[in-house]
Every structure is written in C-alpha cells, then in structure tokens.
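Chain letters run A, B, ... following the sequence lines, proteins first and then strands; every chain starts at 1.
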Protein chains: 2
Amino acid sequence: MTSTDGAPLRPTRQRRAVIDALASFDDFRSAQEIHDLLGRRGDPVGLATVYRTLQRLADAGEVDLLRTEDGEAIYRRCSDTHHHHLVCRSCGATVEVEGPTVERWTRAIAAEHGYDDVSHALEIFGTCAACRA
Amino acid sequence: MTSTDGAPLRPTRQRRAVIDALASFDDFRSAQEIHDLLGRRGDPVGLATVYRTLQRLADAGEVDLLRTEDGEAIYRRCSDTHHHHLVCRSCGATVEVEGPTVERWTRAIAAEHGYDDVSHALEIFGTCAACRA
DNA sequence: CGATGAGTTGACAATCGTTCTCAACTAGAC
DNA sequence: GTCTAGTTGAGAACGATTGTCAACTCATCG
C-alpha cells in the first residue's frame with residue numbers, strides 16, 4: 001500500500017507479456033482472462049504475477065479498472081487523460097468519453113455539500129448501434 | 001434470475017429485522033456488517049438470509065447497492081428516484097444528489113456514439129467537512 | 001383443530017476471485 | 001563472477017458470496 005513509488009519496476013518478460021496482451025484487445029478483460037490468453041499464446045505468466053502486474057499498472061494509471069455487476073475486476077489499457085466509459089451492455093464495445101460538463105457538475109455539487117478533494121466514477125451503459133440491429 | 005416477480009414475499013421476523021436495520025443507519029454497510037449488527041442487537045438472522053434479503057431488496061430497487069474499491073457489496077436504503085451518491089472517503093457519510101445536468105450529458109454523449117437505451121452509474125467521492133478538520 | 005404445501009430459514013459446505021507465502025530465480029551494479 | 005534487491009510461480013490461504021438441504025413457519029383449507 002505504500003505506493004512510495006520509489007520502486008524501479010524491472011522490465012521482465014512477464015511484464016512485457018501482460019502489457020502486450022493489453023495492447024491486443026479493446027474491451028475490458030478480467031485478470032483470469034488475460035492469464036488464459038497469455039497461456040494460449042504460448043507466453044505463460046503465473047496468475048499471481050498477472051494480478052500483481054495489473055495492479056501496478058492500475059496504480060500507475062496505465063490501465064483502467066472497472067467492476068462488473070458481480071464485483072469482478074476488469075482491466076483495459078487507456079489513454080492517460082481523465083475520462084469515462086460508454087460501454088455496450090450486450091457486446092462490451094467501449095468508447096472513452098470525456099467532457100468538462102460532468103467534471104464541473106460534480107465539483108460544484110461536492111462543494112455545495114462541503115466535500116473536498118473530489119474525485120468521481122462514471123460509467124455509461126447502453127446498446128450500441130450494431131447490437132440494436 | 002427469473003425475477004418473474006410472481007413471488008409473494010412473506011413478511012417474516014428475519015425480513016423485518018433486516019429492513020429495520022437498514023432504517024437505522026444512513027451510510028452504506030456490507031451484508032456482513034448488517035448481519036453482525038442484528039446479532040449484537042439480539043435479533044439474529046442467518047448470514048445467508050441477510051444476503052438473500054438484501055438481494056431481493058436490491059432487485060426491487062428498495063436499497064442501493066454500491067461496490068467498495070475492493071469489490072465488496074455495500075447496501076443502503078434509498079429513495080426511489082434516480083440519484084447519485086456523494087460519499088466521504090474517510091467516514092462514509094453519504095449524500096444523495098441528483099440533477100438534470102448529468103442525465104442530459106450522458107444521454108447526449110451516448111446518442112452521439114450511436115448508443116441506445118442508456119443508463120449510467122455515477123459516484124462522487126470526496127472528504128467531508130467534518131473529516132477535513 | 002390438524003393436515004397440507006409453498007415459501008423461508010440457518011448451519012455448513014462449496015465457489016471463486018484475489019492475495020499471501022516463500023523458496024527459486026533474474027537483472028543489473030560492482 | 002559476485003551481490004543484492006526485485007521478481008516469479010505453485011500452491012495455500014482468504015474472504016465475500018452462493019448453494020445445499022433438512023427443519024421450520026404460515027396461511028389456507030377442510
């Protein structure tokens with residue numbers, strides 16, 4: 001928990017493998033799915049290591065971490081600017097969206113109630129054009 | 001999963017106990033905390049029953065279900081209108097907030113990307129006035 | 001009142017995602 | 001090559017949640 005960050009973070013085969021995997025898909029995947037993917041791909045990485053790596057990346061803000069309805073953690077590489085997700089509830093297709101509107105609104109609402117040091121989590125769910133057909 | 005709803009839902013001591021417990025606090029609590037609370041209060045209800053009851057209530061929209069950072073489910077009774085939560089990240093104090101701004105924004109963004117049948121989840125975290133001191 | 005049957009309960013086992021443990025194993029610095 | 005701190009993987013451990021199933025509770029009907 002002491003993300004004192006001083007950690008050097010060595011570039012190992014395993015870390016590279018996980019990062020490569022993340023680069024190979026555009027939707028959110030669970031740690032286990034990524035672990036399986038690596039195994040099938042012939043670049044096996046221990047499950048614990050996958051979890052550890054994903055955790056580090058998430059801490060560093062290099063991947064997004066979401067929770068499915070039943071609390072499972074799912075990951076996806078992401079751009080480093082603050083943004084939200086528009087996720088298709090049937091096929092999982094994800095679009096990163098952003099806009100000052102919500103940012104402003106949440107800050108205002110929080111201030112109004114005396115809350116400080118504000119952050120927020122917003123996910124939008126819908127049915128994408130393809131799935132509607 | 002077939003929430004055909006036809007279920008009568010008998011008002012038992014246990015169900016009443018859980019509902020009473022929910023009425024006795026204003027922040028989000030985990031199923032286990034509620035289970036403990038009931039035990040201490042001398043109105044013991046089996047853990048499985050607490051989970052089952054909370055689930056039913058959540059399905060019926062009578063309680064809000066949130067996920068903590070580490071994926072644990074936490075519950076709280078709620079008003080039945082659509083709203084969001086402003087949660088103090090240190091003491092858990094919660095304020096229900098709502099406003100047309102976000103609703104409008106999310107719908108617009110979704111439409112812009114061809115997404116239909118939109119819903120969204122927004123939680124705001126911050127430090128409340130009391131905790132800042 | 002007693003029989004009946006569907007809904008409900010609770011102790012406990014079972015799942016399943018995730019984290020921990022720890023000895024063996026690097027990657028780089030000297 | 002030697003050292004040392006960081007890293008890895010197999011498997012155990014954990015913790016929240018769900019499943020199992022026999023006992024129980026109620027409302028209803030005779």
Exactly one candidate in Val45(A), Leu54(A), Leu47(A) meets side chain to side chain contact (heavy atoms under 4.5 Å, CB included) with Ile34(A); the answer is Leu54(A)
So the salt bridge (charged side-chain N to carboxylate O under 4.0 Å, His left out) pairs with at least one residue in residues 113-130 of chain B (sequence neighbours excluded) are Arg89(A)-Asp117(B), Arg132(A)-Asp116(B)
Less than 4.0 angstrom between a side-chain N/O of Tyr51(A) and OP1 or OP2 of dT19(C), yes or no? no
From CZ of Arg16(B) across to C1' of dG7(C) the rounded distance in Å is 15 Å
From CG of Asp70(A) across to P of dT15(C) the rounded distance in Å is 17 Å
Would you say the side-chain atoms of Arg52(A) and Thr49(A) include a donor-acceptor pair closer than 3.5 Å? yes
Between Ala31(B) and Gly46(A), whichever has its closest DNA chain D nucleotide further toward 5' is Gly46(A)
Practice item. Mark yes or no for whether Arg77(B), through its side chain, and Ala21(B), through its backbone, hold a donor-acceptor pair below 3.5 Å. Key: no
Atom CZ of Arg13(B) and atom P of dT9(C) are separated, to the nearest Å, by 9 Å
note: Leu54(B), atom CG; dT18(D), atom C1'; distance rounded to Å ~ 14 Å
Those residues at least two apart in sequence (or on a different chain) that pass side-chain hydrogen bond (donor to acceptor under 3.5 Å, both in side chains) with Ser24(A) are Arg41(A)
note: Glu72(B), atom CD; dT17(D), atom C1'; distance rounded to Å ~ 10 Å
Ranking Tyr75(B) and Thr49(A) by the position along DNA chain D of their nearest nucleotide, the one closer to 5' is Thr49(A)
The single option from Glu96(A), Glu98(A), Glu103(A) that satisfies side-chain hydrogen bond (donor to acceptor under 3.5 Å, both in side chains) with His84(A) is Glu103(A)
Closest to the side chain of Arg10(A), out of dT26(C), dT18(C), dT17(D), is dT26(C)
Linking I/L/V/M/F/W/Y whenever their side-chain heavy atoms sit closer than 4.5 Å, directly or via other members, would Tyr51(A) and Leu65(A) fall into one cluster?
-> no
Under 4.0 Å between a side-chain N or O of Thr12(B) and OP1 or OP2 of dT9(C)?
-> yes
Any base atoms under 4.0 Å from Gln55(A), or only sugar-phosphate, or nothing? Heavy atoms, all strands. sugar-phosphate
note: His35(B), atom NE2; dG15(D), atom P; distance rounded to Å ~ 16 Å
Testing dT17(D), dT9(C), dG9(D) for proximity to the side chain of Gln14(A), the answer is dG9(D)
Show each protein N/O and nucleotides 19-23 of chain D N/O combination with a separation under 3.5 Å, one pair to a line.
none

Between CD of Glu33(A) and C1' of dC16(C) the distance, given in whole Å, is 14 Å
Whole-Å distance, Leu47(A) CG to dC20(C) P, equals 14 Å
